[in-house]
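Report on the structure given below.
Per chain, numbering begins at 1; letters A, B, ... match sequence-line order.
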Amino acid sequence: MTAKTTTQTEPQWFVNRKPGRSIIVARWVPVALVSAPVLILFAIVIYPTIWMFYHALQDTNMVRLFQGSWSYVGFANFAGVLGAERFWNSVVNLLVYLSFGACLQVLLGAALALILYETVKSNALRTTLLILMVLPMMLPPSIVGVVWRFLLTPSNGAINQALLNLGLIDSHIEWFNAGVSLWSVIIADVWNWTALPLLIVYSGRVSLPPAVYEAAQVDGADGWTTLRRITLPMLKEIIAIAFIIRFMDALKFVDLVFVMTSGGPAQSSELPAYIAFQRGIRSFEIGEAAAYAIIIFIFSAVLITLFLKYIKKVLNAQGFA
Amino acid sequence: MTRAPSRPPPAGRWPLIRALLLAFLAVWLLLTLFPIYWQFITAFKSTGETNLTVPTFWPREWHPENFAAIFFERSNLNALIDSFLIATGNTLASLFLGSLAGYAFARFPRQAGGENLAFWILSNRMFPPVAVLIPLFLLFDSLPWGTDSRLSLIILYLIFNMPLATWLMMVFFRDAPRELEEAAYLDGYTPARAFIKVTLPLVLPGMISVAMLCWIFAWNEYLFANLFVGTEVRTFTIVIPTFSHGSQTLWNLQMAFSLIAMLPPVVMFIALRRYMVRGLSLGVVKG
Amino acid sequence: MAGLETRGLCKGWDFPLLDQLDLSVEEGEFFVVVGPSGAGKTTLLRLIAGLESADAGRIFIGAREVTRIPPYHRRAAMTFESYALYPHLSVFENIASPLRARGERDPSVRRRVTAIAELLQIERLLERKPDEVSGGQKQRAALGRTLAADPEVFLLDEPLSHLDARIRHDLRRQFHTLEALRKTATLYVTHDYTEALSLGDRIAVIGGGGFLQVGSARDIYENPVSVEVARHLGQLEINVHDAELVAQGGQLQARVAGAGDLSFPVAEQHARQLTAASTSAKREVSLAVRPQHIALAGPDAGGVPGVAESFQAFGATGALTVTVGGATFRVLTSPDLDFREGMPVRLAFDTAHFLYFARDGGRNLARGESGDG
């Protein structure tokens with residue numbers, strides 16, 4: 001055996017080495033483990049997406065589809081959709097839903113999460129309250145829809161009766177009339193989904209390092225300053241994620257609309273996803289439904305990309321990814 | 001849960017503000033619980049009482065037999081059984097596929113396709129299913145088991161549950177020390193046996209929580225069920241909204257039925273509380 | 001036949017870590033690799049165990065080449081620095097793990113585990129979980145698991161490093177007496193030179209991508225090939241000073257640079273080696289003196305006068321720093337002395353144990369014949 005000294009130039013074997021070669025498992029094993037989910041997702045997500053893209057550019061409906069007689073029409077389906085009052089009506093509804101549904105849920109959820117964390121001292125009580133407040137989100141949406149349809153029954157529903165008893169209204173509110181029914185859906189949705197941003201922000205708050213708060217306390221910062229200078233800046237990404245998730249959900253939001261109002265009366269509470277569902281599945285206008293689907297898909301893709309960006313940040317900060 | 005000693009000094013207006021904040025919390029809690037309370041008392045009311053012009057906030061008489069009535073009707077029972085079989089089947093499939101892929105991502109990230117593939121799989125969870133309903137319907141219609149079957153929903157629910165299981169299991173596998181598996185290799189266990197002997201027992205609690213989460217999402221699902229099944233197979237999620245007796249809506253029975261159907265997810269959710277705050281919160285993205 | 005052999009073993013991560021490493025451990029030999037952290041000790045073990053794959057080179061266990069054989073077929077047993085005990089299994093099942101892997105029957109597993117537990121004196125802990133036993137007991141359980149494997153080669157990664165002094169001492173003694181370790185090739189890595197010197201049949205000092213020196217404890221300690229090896233081994237760091245060799249009246253003298261006229265006569269056996277080669281290149285040397293080769297001389301016994309700088313007592317020994325002229329020397333003393341700064345002392349140097357290194361490259365210029373080089 002001979003003694004060796006460090007060589008300054010990189011040896012040949014080092015230049016030629018193949019990193020990542022393992023003798024523990026064969027190279028195909030990890031590939032095989034991952035390939036089953038990937039193949040399944042190709043079959044039930046990627047292939048249908050391509051199909052939709054193709055048919056969004058065709059003049060087709062269910063009959064033509066089975067006859068094989070669809071024809072290329074370029075962007076005519078999109079032009080049709082964008083020219084239709086029904087679409088713009090649903091876009092306005094979506095904007096209302098986003099502002100008073102999604103945004104309200106995130107703001108409310110974040111506020112409730114921070115209030116819960118900061119004001120309730122007992123550990124057991126805090127956990128119990130958290131579970132109770134998060135509970136609605138674990139309920140089947142169709143049951144949520146049914147229960148709220150029942151609660152909001154105009155003639156003898158609990159909500160109207162409670163508002164009457166409290167003296168807030170003089171006569172029954174017609175919750176399912178045009179112009180009101182969308183708000184009924186939003187109320188049910190806020191009840192159902194405020195829990196999600198609440199849970200996300202609460203978890204984010206729990207994972208913030210206590211040392212920062214101790215330092216702030218030593219510096220004599222009051223509650224409001226601590227909230228503005230420490231908590232909110234550190235939860236920025238988490239709150240952004242909560243917004244993005246709720247916006248993504250808004251784009252696929254169908255179930256409560258379907259169960260509570262079926263988009264009615266007279267299409268007044270329709271959202272784009274509901275129309276895509278209606279036109280494709282109930283009316284078999286495949287070309288038109290595909291155009292709706294593609295519009296939804298594109299907005300979703302943007303939001304998903306944003307979501308991944310933020311979640312990578314958060315996961316990196318928490319040491320996950 | 002550990003807490004930061006971040007309580008602001010009790011001087012000045014803080015006690016008043018705190019009281020107001022607590023009141024706000026209490027009001028929200030009431031609003032959260034009221035619908036469930038209403039559901040509960042309605043389920044015990046008589047049909048006549050549910051149809052009163054002025055609803056009662058406490059039942060005049062209790063009718064627990066409403067719950068029994070749900071089970072007497074064969075179709076209700078079948079709906080619960082179908083939902084159970086579909087949720088369980090999908091959970092097992094999601095967990096099996098997701099665990100294997102999650103393991104590959106955790107232990108052999110480079111060979112398994114790297115971070116980007118893992119994030120792509122996760123992104124499928126956010127995918128709007130409404131954008132692909134038609135081709136999926138046609139695809140399943142052409143398959144031997146058709147659309148109106150348990151298997152079709154078991155497969156379709158993989159769209160949101162498999163990415164969730166993959167992702168969460170990846171996190172759990174990363175937390176299980178690799179060195180223990182290496183020790184098992186040196187003891188003479190092949191990777192598959194080392195996985196079963198060492199890694200699986202370590203991630204089992206996490207795995208059970210993932211299973212419960214997947215099960216809840218599959219149990220609750222409405223959109224696919226509404227479109228794909230309905231004749232041969234009916235899940236409770238599509239039965240309850242259309243629940244009626246003749247032309248009359250029997251609110252008390254409908255509420256009793258929904259309470260029964262809510263019970264499993266609620267119980268599981270409470271069982272999940274250990275994982276609720278850390279780890280799962282980002283996974284609890286709506287399906 | 002070698003129990004364990006590597007030929008030209010290479011492994012790099014961001015930089016080459018092990019470069020063309022050759023190693024040969026006989027059956028029954030206790031071979032210790034010592035070196036600082038980051039020198040590649042653990043990587044070497046993981047390569048031999050098969051947990052990492054080599055970038056180049058070959059590995060043999062027994063007569064068999066195992067370079068591309070996966071760890072579970074290599075018949076190497078390894079203890080991990082973190083113990084890597086299975087937290088969900090009892091100590092018994094941890095030790096039994098290799099036996100279960102081979103599908104041994106229950107009675108024979110029980111017999112074997114009990115025998116190993118008795119040997120390691122952990123028979124009363126067998127039903128406990130690893131979390132419920134102390135660090136030293138965990139270490140024994142981990143060692144028990146490797147013993148149960150009945151391997152062709154033992155790989156021990158810093159097995160004593162996290163233990164307190166008394167348990168270290170106990171276990172160190174056990175390593176000498178364990179029958180299994182005496183029959184099988186054992187590769188033991190540590191950063192602790194005391195451990196290395198006391199345990200190894202042979203010792204390798206690792207550094208710079210390979211072994212700097214391989215030899216017996218005595219050889220490495222007394223005849224280090226380079227100043228780097230000398231610096232690495234020894235209680236208190238070795239004193240190294242630039243010196244010039246000058247012949248004075250037929251006697252070679254080493255004059256310490258920057259220390260006035262401080263010079264030492266070069267011992268005869270060293271002078272032979274030093275003058276054997278051409279003198280011109282060897283005039284400028286690094287003179288190294290181990291702290292234990294300097295003694296305090298009595299007031300009348302002559303010796304070199306110096307001034308005490310500082311003193312530290314470490315339990316069994318003391319470390320005294322003395323300046324002689326401009327040069328500082330660390331001296332190993334007994335701990336119960338009382339020195340104050342500025343006190344005059346007299347030092348007796350054991351010139352027979354002086355080491356002379358080339359200033360350029362640090363090679364030992366007066367290395368004896370006893371090395372294997």
Say you draw a straight line from CD1 of A/I44 to OH of B/Y157; how long is it, rounded to the nearest 0.5 Å?
12.0 Å

Separation between CG of A/L116 and CH2 of B/W28, rounded to the nearest 0.5 Å:
13.5 Å

What part of A/V254 is in contact with chain B, defined as an atom under 4.5 angstrom from a non-hydrogen atom: side chain, backbone, both or neither?
side chain

Given that the side chain runs from C-beta out, which part of A/N160 has a heavy atom under 4.5 Å from chain B: side chain, backbone, both or neither?
neither

Side chains of A/I115 and B/L22: does their closest heavy-atom pair fall under 4.5 Å?
no

Just give me the residue among A/I294, A/L251, A/T194, A/L303 that pairs up with chain B most often, heavy atom to heavy atom, under 4.5 Å.
A/T194

Which pair of heavy atoms, one from A/V147 and one from B/P35, lies closest together, and at what distance?
CG1-O, 4.0 Å

Portion of A/S35 that has a non-hydrogen atom of chain B nearer than 4.5 angstrom
neither

Is it the side chain or the backbone of B/F137 that comes within 4.5 Å of chain A heavy atoms, both, or neither?
neither

Looking only at heavy atoms, which two atoms of A/K252 and B/P129 are closest? And how far apart?
CD-CD, 3.8 Å

Can you tell me which portion of A/W148 sits under 4.5 Å from chain B's heavy atoms? Options are side chain, backbone, both or neither.
side chain

Mind checking whether A/M52 and B/P135 have side chains closer than 4.5 Å, heavy atoms only?
yes

With chain B, the option among A/L41, A/V38, A/L151 that has the most non-hydrogen atom pairs under 4.5 Å is A/L41

Given a strict heavy-atom distance threshold of 4.5 Å, which part of B/Y185 is in contact with chain A: side chain, backbone, both, or neither?
side chain

Just by modelled atom types, is the B/L52 backbone N or O under 3.5 Å from a matching donor or acceptor in the A/N156 side chain?
yes

If I measure from the heavy atoms of chain B, does A/I230 come under 4.5 Å with its side chain, its backbone, both, or neither?
neither

Leading residue by heavy atom contact count with chain A [cutoff under 4.5 Å; candidates B/F257, B/Y103, B/F236]:
B/F236

Turns out that what part of B/F57 lies under 4.5 Å from chain A's heavy atoms comes down to side chain

Between OG1 on residue A/T119 and CD1 on residue B/I17, distance to nearest 0.5 Å:
12.0 Å

Looking only at non-hydrogen atoms, find the nearest pair between B/W38 and A/A158 and report the distance.
CE2-CB, 3.2 Å

Just so I know, are the side chains of B/N226 and A/F277 near enough to count as touching, which here means a heavy-atom distance under 4.5 Å?
yes

If one checks every heavy atom of A/Y47 against chain B at 4.5 Å, the contacting part turns out to be side chain

Contacting moiety of A/L139, where chain B heavy atoms sit under 4.5 Å
both

Under 4.5 Å between any side-chain heavy atoms of A/L164 and B/V54, yes or no?
no

Specify the closest pair of heavy atoms between B/Q111 and A/V31, including all atoms of both residues, with the distance to one decimal.
O-CG2, 3.6 Å

Which answer fits B/T53, side chain, backbone, both or neither, if we ask what part of it has an atom under 4.5 Å from a heavy atom of chain A?
backbone

Of the backbone (N, CA, C, O) and the side chain (C-beta and beyond), which part of B/T50 lies under 4.5 Å from a heavy atom of chain A, both, or neither?
backbone

Could you grab the distance from atom CD1 of A/I143 to atom CE of B/M262, nearest 0.5 Å is fine?
6.5 Å

Is there a side-chain contact between B/V132 and A/T49 in this structure, where contact means two heavy atoms from C-beta onward sitting under 4.5 Å apart?
yes

Can you tell me which of A/P37, A/A32, A/A36, A/A43 forms the most heavy-atom pairs within a distance under 4.5 Å of chain B?
A/P37

With a 4.5 Å heavy-atom cut-off, do B/L21 and A/E118 have their side chains touching?
no

Before you tell me yes or no, could you show the steps for A/V29 and B/F108 under side chain to side chain contact (heavy atoms under 4.5 Å, CB included), namely the whole-Å CA-CA distance, both residues' side-chain angles and the distance that decides it to 0.1 Å?
CA-CA 10 Å; A/V29 172; B/F108 317 99; 5.6 Å; no

Which atoms form the tightest heavy-atom contact between B/T32 and A/W191, and what is the distance?
O-NE1, 3.0 Å

Which atom pair, heavy atoms only, marks the closest approach of A/A273 to B/V130?
O-CG2, 3.3 Å

Check: A/M138 main-chain N/O paired with B/N220 side-chain donor or acceptor under 3.5 Å
yes

Sort B/I159 into side chain, backbone, both or neither according to what part of it lies under 4.5 angstrom from a heavy atom of chain A.
both

Side-chain heavy-atom pair B/L139, A/W51 within 4.5 angstrom cut-off
no

Decide yes or no for B/F105 and A/L33: does some side-chain heavy atom of the first lie under 4.5 Å from some side-chain heavy atom of the second?
no

Main-chain N/O of B/P241 paired to A/R149 side chain as donor or acceptor, under 3.5 Å
yes

Once the angle between the rings of A/F150 and B/W251 is folded into 0 to 90°, is it parallel (under 30°), tilted (30 to 60°) or perpendicular (over 60°)?
parallel

Worked verdict on A/D255 versus B/T237 for side chain to side chain contact (heavy atoms under 4.5 Å, CB included)
CA-CA 10 Å; A/D255 32 32; B/T237 54; over 6 Å; no

